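Input: a single structure, listed below in structure tokens.
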Amino acid sequence: RASRAGISGDRAQRRIGKLDRDRLEVDIGAEILEHVQGLSDQRLAEGDRGLVGHPRELATTDALTGLANRRRFDDALEREWRRAVRNQLPLSLLVLDADYFKGYNDRYGHQRGDEALRLIARSIEASIVNASDTACRIGGEEFAVILRGDSPPSVTQISERLRRQVAALPSAAPSLRPITVSIGAAVHTGHPPQDTLRHADQALYRAKNGGRNRSVLWEPPPPAPPARLAAGGVHAGQDAGDHLLLAAVVVADAAALVQ
């Protein structure tokens, strides 16, 4: 009986030990599973963030050229204007337009036209040296570059370097006309961003009218000349009624002398 009791005790002890090992394995397995699940959740979260950011990046990137699109340009212009006002720095803007682009497309086809736009985009990227500058495609053949804190002489140099860079592009085929751009530039401190864009557009218009393939920096119009004085010190723009009144007085004085 004693031996049987000892055997039963040993079996019970072994069972308890096995149960403890099973519990330990279960606990360890649960910890491992929890750790793996934690890593999976972390990776899924990182993946989700990547997936969320990816469409947003696509939504603000021009598919043809890889530059920022008009939506990002509007946001960047507003943001850089606020930064410029806060730091009392100038906000500089270049607006570029491919010369005779409609004729280029009509003559050589849209595929060649798309290639030309990509070449212009690469020239813009090669011409700006500051990582804070923003290059954008804002229309069909229209581009813009937002420059942070550049002075008028510096902006003039950048726009001329960019113009020459595009003009020096090798032609995709001997029969193709060289690609050129006209550039309007504006530098403002404290002006609303809409004014900066409008003035850059005005400078671009002057560049186009001046023969294309040139860059123009916007300058404020000269002040209006002072009003010219006519004989006797009377302003040339004085109201005609004043002249009639003066003539009536002269006539009345002459009549009194005759009498």
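Model, not experiment: these values are computed from the prediction. Just so you know, these numbers use all the heavy atoms, side chains as well, and skip hydrogens, waters and symmetry mates.
- Summarising the geometry of L162 relative to L94, their closest heavy-atom pair is CD2-CD1, 4.5 Å, with the distance given to 0.1 Å.
- Using a 4.5 Å heavy-atom cutoff, the side chains of I138 and F143 are not in contact.
- There is no path of hydrophobic side-chain contacts, each under 4.5 Å, that joins V187 to V85.
- Both the sub-6.0 Å distance and the 45° axial angle are not jointly satisfied by R112 relative to the ring of Y104.
- Distance CD/E160 to OG1/T156: 8.0 Å, rounded to 0.5 Å.
- Atom-to-atom distance recorded for T196:OG1 and L93:CG is 7.0 Å, nearest 0.5 angstrom.
- The distance from atom CG of L91 to atom NE2 of H188, rounded to the nearest 0.5 Å, is 8.5 Å.
- Hydrophobic clustering (side-chain heavy atoms under 4.5 Å, transitive across Ile, Leu, Val, Met, Phe, Trp, Tyr) keeps I158 apart from I146.
- Under a 3.5 Å cut-off, the side chain of S154 and the backbone N or O of D150 do not form any donor-acceptor pair.
- Remark: the backbone N or O of R71 is paired with a side-chain donor or acceptor of N69 at under 3.5 angstrom.
- W81 and H191 have their aromatic ring centers separated by at least 6.0 angstrom.
- When all heavy atoms of L67 and R137 are compared, the pair lying nearest together is CB-N, 4.1 Å.
- In this model, a donor atom of one side chain and an acceptor atom of the other lie less than 3.5 Å apart for T180 and D99.
- With contacts defined as side-chain heavy-atom distances shorter than 4.5 Å, the pair V181/I120 qualifies.
- Listed for the R122 side chain is a donor-acceptor partner under 3.5 Å among the backbone atoms of T65.
- Looking only at atom types and distance, the side chain of T61 has a donor-acceptor partner in the side chain of R72 under 3.5 Å away.
- Taking both residues in full, the closest heavy atoms of I183 and A207 are given as O-CB, 3.8 Å, listed atom of the first, atom of the second, then distance.
- Listed for the D75 side chain is no donor-acceptor partner under 3.5 Å among the backbone atoms of E78.
- Side-chain contact between D106 and Y100 is absent, with no heavy atoms from C-beta onward closer than 4.5 Å.
- Counting heavy atoms from C-beta outward, D62 and R70 have side chains that stay 4.5 Å or more apart.
- For R82, the CZ atom counts as loosely surrounded, since its 6.0 Å shell holds 12 or fewer non-hydrogen atoms of other residues, nucleotides or ligands.
- Between the side chain of S215 and the main chain of S159, no donor-acceptor pair closer than 3.5 Å is present.
- A donor-acceptor pair is defined here as one N or O able to donate and one able to accept, closer than 3.5 Å; such a pair exists between the side chain of D133 and the backbone of R148.
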**OP:** Apply side-chain contact (heavy atoms from CB on, under 4.5 Å) to S182 and L204, showing your working.
**Re:** CA-CA 7 Å; S182 298; L204 173 62; 3.9 Å; yes
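- Surrounding OH of Y205 are at most 12 heavy atoms belonging to other residues, nucleotides or ligands under 6.0 Å away.
- Of all heavy-atom pairs spanning I128 and A135, the tightest one is CD1-CB, 4.1 Å.
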**OP:** Might you work through the salt bridge (charged side-chain N to carboxylate O under 4.0 Å, His left out) test for D201 and R198, ending with a clear yes or no?
**Re:** CA-CA 5 Å; D201 277 334; R198 177 165 50 86; over 6 Å; no
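- By the 4.5 Å heavy-atom criterion applied to side chains, L169 and S123 are counted as neighbours.
- Remark: R118 CZ is packed, more than 12 non-hydrogen atoms of other residues, nucleotides or ligands lying under 6.0 Å away.
- The side-chain heavy atoms of F101 and L117, taken from C-beta on, include a pair separated by under 4.5 Å.
- With R206 contributing its side chain and Q202 its backbone, the two residues share no donor-acceptor pair below 3.5 Å.
- Using modelled atom types, no side-chain atom of R161 and backbone atom of R163 make a donor-acceptor pair closer than 3.5 Å.
- Taking both residues in full, the closest heavy atoms of G210 and R214 are given as O-CZ, 2.7 Å, listed atom of the first, atom of the second, then distance.
- Taking every heavy atom of both residues into account, W218 and A203 meet most closely at N-CB, 3.8 Å.
- Looking only at side-chain heavy atoms (C-beta outward), L147 and T134 stay at 4.5 Å or farther from each other.
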